[in-house]
Amino acid sequence: MVRTLDDFDAANAAVGVRVDINSPIAADGSLADDTRLRAHVDTLGELAARDARVVVLAHQGRPGGDDFTTLAAHAARLDDLLDAPVDYLDATFGSTARDAVDALEPGRVLVLENTRFYSEEVMSFPPEVAAETHLVAGLSPALDAYVNDAFAAAHRSQPSLVGFPAVVPGYAGRVMERELDALGDIGSTPTPRVYVLGGAKVDDSIDVASSVLDSGLADTVLTCGVVGNTFLHASGVELGAESTNVVKDRAGEALTRAERLLEEYGDRIRVPVDVAVERDGERVEIPVEDLPTTEPAMDVGSETVGVYGDLLADTGTAILNGPAGVFEMDVFAVGTRELYRAAQAAEYTVVGGGDTASALRQLGLSGFDHVSTGGGAALTLLTGESLPAVEALS
Ligand SMILES: Nc1ncnc2c1ncn2[C@@H]1O[C@H](COP(=O)(O)OP(=O)(O)OP(=O)(O)O)[C@@H](O)[C@H]1O
Ligand SMILES: O=C(O)[C@H](O)COP(=O)(O)O
């Protein structure tokens, strides 16, 4: 059982709040999107309003990446978004950080530096070992409690996610609570249950398909995006050189697993019946039986949307991850828009994935029962597995 903010005596408490504000960064170093910061306003605002001394812990990017930056811009944006005053400190642990936390007044927020500036934070540890890392041991003496609101990173077993609750009382924040309520018990949602798997992380999607078909969580898996092209290729359809190269590049070793899945669960896995390509600047739809084609398949066609839409209309729960096509281009956003719209006919609809959430915003689609802030974390729960950071709070 995970404790929530309802169980927490916040007044005057120095509370470390792990959030996931990992965001796209523009070329000039500014934040390109603040969706994830907005998601945590409830938790941070509530704690500040309840007179906690709020210490924010978060990562941004991965070492070596262009988006591996300080959290200074994030702190400035949180200062705009929250009623409480927000400061930033360029340290995460050690005496500088502890002194700043000790001096923090009730109702104020302090954003500490990117946790991944420290090598321990890109490693995985069991909670009791994570508690002994420099990061956790060097900050926890200044904290009275820990709140984990970083659902989107909860599939990681990194020190700032699993170490603190081993040494100070731990609670789930409001984002974490909402996500666990919506996704934590996927096995009890209405049946039949259909997973719609699209996007370009083919390897991950094949793992998900395999797990939910094996466990019986999924009655049917509908494929689209590069995932759909991969299953088409695996079923023996010749797509054409361009699409085949993308499939081989994105699927790699997973292609053999796709073939095995089709052999084992062929009747429960659906592949597109037509694809869309660009020809002379126009969208052209090609039935699968007329393939191969020289142009890359960048979207599913309207016949596929029709077939999938009919299936989704009779569905208890639709779980969608990944766009159906290259939604960033108007001409190939059609499949994603129409398919996600069709999925709303299901009794209960859950959408997961960072890119998927931004596709929905861009396409003006709303009305789903739950849109998760997490990609990998949401998929972990949606395959019925547990999350290390949640286990650490229990
Ligand atoms: N047919 C296609 N050909 C090439 N790219 C495609 C195709 N269909 C979808 N994509 C690309 O897939 C990308 C999104 O896939 P991804 O798997 O990252 O989504 P996501 O699961 O929502 O994200 P995340 O797991 O990161 O939260 C988009 O950039 C889109 O252009
Ligand atoms: O963006 C995410 O999915 C989370 O912030 C986790 O980031 P990671 O995949 O770099 O651990």
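Being a predicted model, the structure only gives us computed values, none of them experimental. When a ligand or atom number is given, it counts from 1 through the structure's own listing order.
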Donor-acceptor pair between Glu347 and Thr317 side chains, under 3.5 angstrom = no
With distance as the sole criterion, is a donor-acceptor pair present between the side chains of Thr70 and Asn114 under 3.5 Å?
-> no
Examine the side chains of Asp214 and Tyr265 and answer whether a donor and an acceptor come within less than 3.5 Å of each other.
-> yes
Between Asp144 and Ala14, is there a donor-acceptor pair closer than 3.5 Å when you use the side chain of the first and the backbone of the second?
-> yes
Compile the protein residues with any heavy atom at a distance under 4.0 Å from an atom of ligand 2; present them by chain, then by number.
-> Asp20, Asn22, Arg36, His59, Arg62, Arg116, Ala152, Arg156
Polar contact flag, side-chain donor to acceptor under 3.5 angstrom, Thr256-Arg260 | no
Between Asp274 and Thr304, is any side-chain donor less than 3.5 angstrom from a side-chain acceptor?
-> yes
Give a yes or no on whether the backbone of His155 and the side-chain of Thr380 come within a donor-acceptor separation of less than 3.5 Å.
-> no
Regarding Ser160 and Glu121, is there a side-chain donor-to-acceptor distance under 3.5 Å anywhere?
-> yes
Sub-4.0 Å heavy-atom environment of ligand 1, residues by chain | Gly199, Ala200, Lys201, Gly225, Val226, Asn229, Ala297, Met298, Asn321, Pro323, Gly325, Val326, Phe327, Glu328, Gly353, Gly354, Asp355, Thr356, Gly375
Would you say the side-chain atoms of Arg116 pair up with the backbone N or O of Gly61, donor to acceptor, closer than 3.5 Å?
-> yes
